[in-house]
Amino acid sequence: MSFLRPVSVVALRGGFGNQLFAWAYGQRLNREGHLVLYDRGNQLGRGFALRGLIPNSKLVSLPSFFWRKVGASDSMSFLRKNGFVRIEEQELPPRRIDASPRLVNLHWGYWQSMDYFFEAKDSVFRDIEQWVGRADEPPGETCAIHVRRGDYVSDPKAAAVMGALPLSYYKRAIKRMEQNGYTNFVVYSDDRRWATENVLPLGANIRIAHTRDSEDFVRMSTSAALITANSSFSWWAAFLVSMSGGDVIAPSAWFAEPTLDSSRLVPDTWASM
């Protein structure tokens with residue numbers, strides 16, 4: 001099997017934000033000359049979320065057992081020795097891959113760092129901005145606040161790995177944004193009741209948004225500033241805010257599980273606390 005340029009298949013995993021990380025990583029590979037395809041198989045958490053961003057011609061659907069076999073060391077060894085594929089798994093700190101033009105290169109990971117697509121960040125920004133559009137009513141100098149709870153509270157596994165951020169984080173972040181000159185705050189949350197009872201009392205100039213999902217993302221990403229949750233959903237909204245020159249505050253401890261490395265998840269240009 002021989003190709004004119006490296007062929008790379010990037011697995012799309014998880015929900016909206018994690019699929020964006022995989023897509024952005026693939027954009028860097030594309031910039032480096034790869035023919036990039038995205039697998040939208042059964043490893044998606046809530047179904048394929050990037051319609052309109054990834055052309056259908058770039059999508060493949062590998063059977064679910066395939067990636068399970070790839071993940072097994074004996075299968076990986078067999079595939080490598082017999083010249084079928086080359087496996088690329090994420091590493092921190094990220095390293096530049098040395099893809100083979102003779103093999104199919106498989107990319108399995110979450111790629112949760114701008115380091116994985118830094119060279120392509122400008123085109124990634126333009127493509128996402130064009131894809132999601134702008135809010136009908138620009139929020140002006142408003143600072144958005146994302147409060148993610150949901151399965152971080154209700155699902156013991158998600159709570160152990162991620163965990164909902166404490167109220168003290170939002171209190172400190174709001175105070176910092178006020179010091180930076182922001183006077184209006186809008187909270188976007190999957191748990192409005194908790195946000196109303198706990199975040200709203202932190203200031204007289206805070207209100208709760210009554211939008212949902214994609215509209216939340218558009219409004220968060222076109223705000224002047226953003227206080228993120230430990231969520232890939234608000235990470236990408238923050239990416240758009242920061243690339244537009246806005247201020248971003250993110251949690252320094254992204255995971256509740258202490259063995260997970262989040263040292264390169266928050267970009268250097270964001271404030272963390």
Hey, does [Y] have a side-chain heavy atom less than 4.5 Å from the side chain of [X]?
X      : Y      : value
Leu260 : Val161 : yes
Ile227 : Met220 : no
His107 : Leu29  : yes

Cation-aromatic face contact Arg28/Phe118, 6.0 Å, 45 degrees: no
Any residue meeting side-chain hydrogen bond (donor to acceptor under 3.5 Å, both in side chains) with [X], in chain and number order, not counting sequence neighbours:
X      : value
Trp23  : Gln27
Ser189 : none
Arg51  : none
Thr269 : none

Side chain to side chain donor-acceptor pair (under 3.5 Å): pairs with one or both residues in residues 243-252, sequence neighbours excluded: Tyr182-Asp247
Can you measure from [atom1] ([X]) to [atom2] ([Y]) and round to the nearest 0.5 angstrom?
X      : Y      : atom1 : atom2 : result
Met243 : Arg126 : CE    : CZ    : 8.5 Å
Asp190 : Asp216 : CG    : CG    : 9.5 Å
Ile249 : Trp270 : CD1   : CH2   : 12.0 Å
Arg176 : Glu178 : CZ    : CD    : 12.5 Å

Going by the rule salt bridge (charged side-chain N to carboxylate O under 4.0 Å, His left out), which residues pair with [X] if we only count those two or more places apart in sequence or in a different chain?
X      : value
Arg192 : none
Glu257 : none
Asp268 : Arg264
Asp151 : Arg148

Shared hydrophobic cluster for Val199 and Val186 (ILVMFWY, side-chain gaps under 4.5 Å): no
Phe185: partners by ring pair (Phe, Tyr, Trp, His ring centres under 6.0 Å), with sequence neighbours left out: none
Residues in ring pair (Phe, Tyr, Trp, His ring centres under 6.0 Å) contact with Tyr169, at least two apart in sequence or another chain: none
Ignoring hydrogens and angles, write down the donor-acceptor pairs under 3.5 Å from the side chains of residues 232-240, residues two or more places apart or on other chains.
unit_1, atom_1, unit_2, atom_2, d
Ser234, OG, His146, ND1, 3.0
Ser234, OG, Ala229, N, 3.2
Ser234, OG, Ala229, O, 3.4
Ser234, OG, Ser231, O, 3.4
Trp235, NE1, Leu265, O, 2.8
Trp236, NE1, Gly17, O, 3.1

Closest approach of Leu167 to Asn198 (non-hydrogen atoms, all atoms of both residues): CD1-O, 3.6 Å
Where Ala11 and Ala22 come nearest, the two heavy atoms and their spacing: O-CB, 3.7 Å
Result of checking Leu50, Leu12, Val124 against Leu20 for side-chain contact (heavy atoms from CB on, under 4.5 Å): Leu50
Between the main-chain N or O of [Y] and the side-chain N or O of [X], is there a donor-acceptor pair closer than 3.5 Å?
X      : Y      : value
Gln19  : Gly47  : yes
Arg149 : Trp194 : no
Asp191 : Gly150 : no
Asn30  : Val36  : no
Tyr152 : Asn230 : yes

